[in-house]
Amino acid sequence: KLFNISLSCLIPYVIYEILKLKYKIDNKTIFYLSLIIFLSPYFRSSAIWLLGDNLSILFFSISILYYQKIFNEKNNYNYFLCLFFLILCCYIRYYYCLFVIYYFFNFLKNKDKKFILKLIVFCFICSLPAIFYSFYIFENYDFYQLLSNKVSTNYYNNLLIILTIMFFYITPFFIFFLK
């Protein structure tokens with residue numbers, strides 16, 4: 001538990017670094033904005049109860065940090081690190097995988113096709129364990145029967161929860177920019 005709590009405490013630091021790269025404002029303000037995540041009860045309970053959400057948020061935040069460094073440092077390794085941490089994040093919570101589309105859309109603007117092909121091959125190699133695991137699940141278990149029996153999709157509740165979480169984290173930015 002202590003290790004997971006320690007890892008969860010890295011999230012505000014990574015968010016601080018992201019905000020420092022993105023916005024050129026007072027460091028004190030950025031510091032306080034990065035600490036807002038500690039107000040979230042879900043964040044605190046995920047840290048204590050060893051849920052994977054905080055670990056996936058940590059990897060996703062590190063991915064965004066390297067994405068921001070791409071525009072500041074112009075280092076090709078940042079592209080690979082950005083995608084690597086996004087892939088690690090997707091191994092924990094698969095729904096972050098949509099960000100790879102956003103990343104590649106922006107990578108296409110800045111890099112040539114040969115480098116983009118290297119990035120795609122890198123992503124494919126990093127995704128091989130998930131592909132093999134998917135084939136194993138589909139071959140050895142009746143996945144479609146399990147899916148139809150165990151999974152219920154309540155899109156309205158999920159949408160409401162996601163919008164509430166987004167509103168919670170975006171509110172400080174609105175307050176800051178309205179001043």
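Note that the numbering runs from 1 along the sequence shown for the chain.
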Between F99 and F60, is the gap from one ring center to the other below 6.0 Å?
yes
Interatomic distance, C126 atom SG to I131 atom CD1 [nearest 0.5 angstrom]:
11.0 Å
Provide the closest heavy-atom pair for N54 versus I11 in the form atom of the first, atom of the second, distance.
O-CD1, 3.3 Å
Just how far is it from atom CD1 of I18 to atom NZ of K20, taken to the nearest 0.5 Å?
12.0 Å
Should I101 and L117 be counted in the same cluster of Ile, Leu, Val, Met, Phe, Trp and Tyr side chains packed under 4.5 Å apart?
no
Would Y103 and L119 count as a side-chain contact (heavy atoms from CB on, under 4.5 Å) if you check the C-alpha gap in whole Å, the side-chain angles of each, and the deciding distance to 0.1 Å?
CA-CA 11 Å; Y103 284 169; L119 291 175; over 6 Å; no
Is the closest side-chain heavy-atom distance between L35 and Y16 below 4.5 Å?
no
Can you name the one residue among L86, I87, I120 that meets side-chain contact (heavy atoms from CB on, under 4.5 Å) with V100?
L86
Do K111 and N76 meet the criterion of a side-chain donor-acceptor pair at a distance under 3.5 Å?
yes
For Y133, does the OH atom have more than 12 heavy-atom neighbours from other residues, nucleotides or ligands under 6.0 Å away?
no
Y67 side chain to N78 side chain, donor-acceptor N/O pair below 3.5 angstrom
no
Rounded to the nearest 0.5 Å, what's the gap from OH on Y96 to SG on C89? Could you check?
5.5 Å
Distance check, rounded to the nearest 0.5 Å: I57 atom CD1 versus I62 atom CD1?
12.0 Å
Between F85 and L58, is a side-chain contact (heavy atoms from CB on, under 4.5 Å) present by the stated rule, with each step listed?
CA-CA 9 Å; F85 283 107; L58 176 65; over 6 Å; no
To the nearest 0.5 Å, tell me how far E17 CD sits from I64 CD1.
14.0 Å
Mind running ring pair (Phe, Tyr, Trp, His ring centres under 6.0 Å) on F80 and F115 for me, showing each step along the way?
CA-CA 11 Å; F80 290 101; F115 187 75; 5.6 Å; yes
Ring center gap for Y77 and Y66 short of 6.0 angstrom
no
Using side-chain heavy atoms (C-beta onward) and a distance below 4.5 Å, is Y91 in contact with F59?
no
Side chain to side chain, P12 and F38, heavy atoms closer than 4.5 Å:
yes
Do I37 and I15 have side chains that get closer than 4.5 Å, going by heavy atoms?
yes
Find out whether N110 and Y79 are in side-chain contact, i.e. whether some heavy atom of one side chain is under 4.5 Å from a heavy atom of the other.
yes
Check for me whether K28 meets the cation-pi criterion with F31, that is, NZ or CZ under 6.0 Å from the six-membered ring centre and within 45 degrees of the ring axis.
no
Would you call K118 and V121 a side-chain contact if the rule is heavy atoms closer than 4.5 Å?
no
Same cluster or not: L98 versus I161, using hydrophobic residues (I, L, V, M, F, W, Y) connected whenever any side-chain heavy atoms lie under 4.5 Å apart?
yes
Can you check whether C82's main-chain N or O pairs, donor with acceptor, with S63's side chain at less than 3.5 Å?
yes
Decide yes or no on side-chain contact (heavy atoms from CB on, under 4.5 Å) for K109 and N106, but give the supporting numbers first.
CA-CA 5 Å; K109 294 179 191 176; N106 287 321; 3.4 Å; yes
Would you say that N27 contacts Y32 through its side chain, given a criterion of any heavy-atom pair below 4.5 Å between the two side chains?
no
Going through the distances and angles, do K69 and L21 end up as a side-chain contact (heavy atoms from CB on, under 4.5 Å)?
CA-CA 8 Å; K69 285 184 177 184; L21 281 174; 3.7 Å; yes
For Y95, which residues count as a side-chain contact (heavy atoms from CB on, under 4.5 Å) partner, sequence neighbours excluded?
D53, R93
Does the side chain of L83 come within less than 4.5 Å of F104's, by heavy atoms?
yes
What is the distance from atom OH of Y13 to atom OG of S34, rounded to the nearest 0.5 Å?
10.5 Å
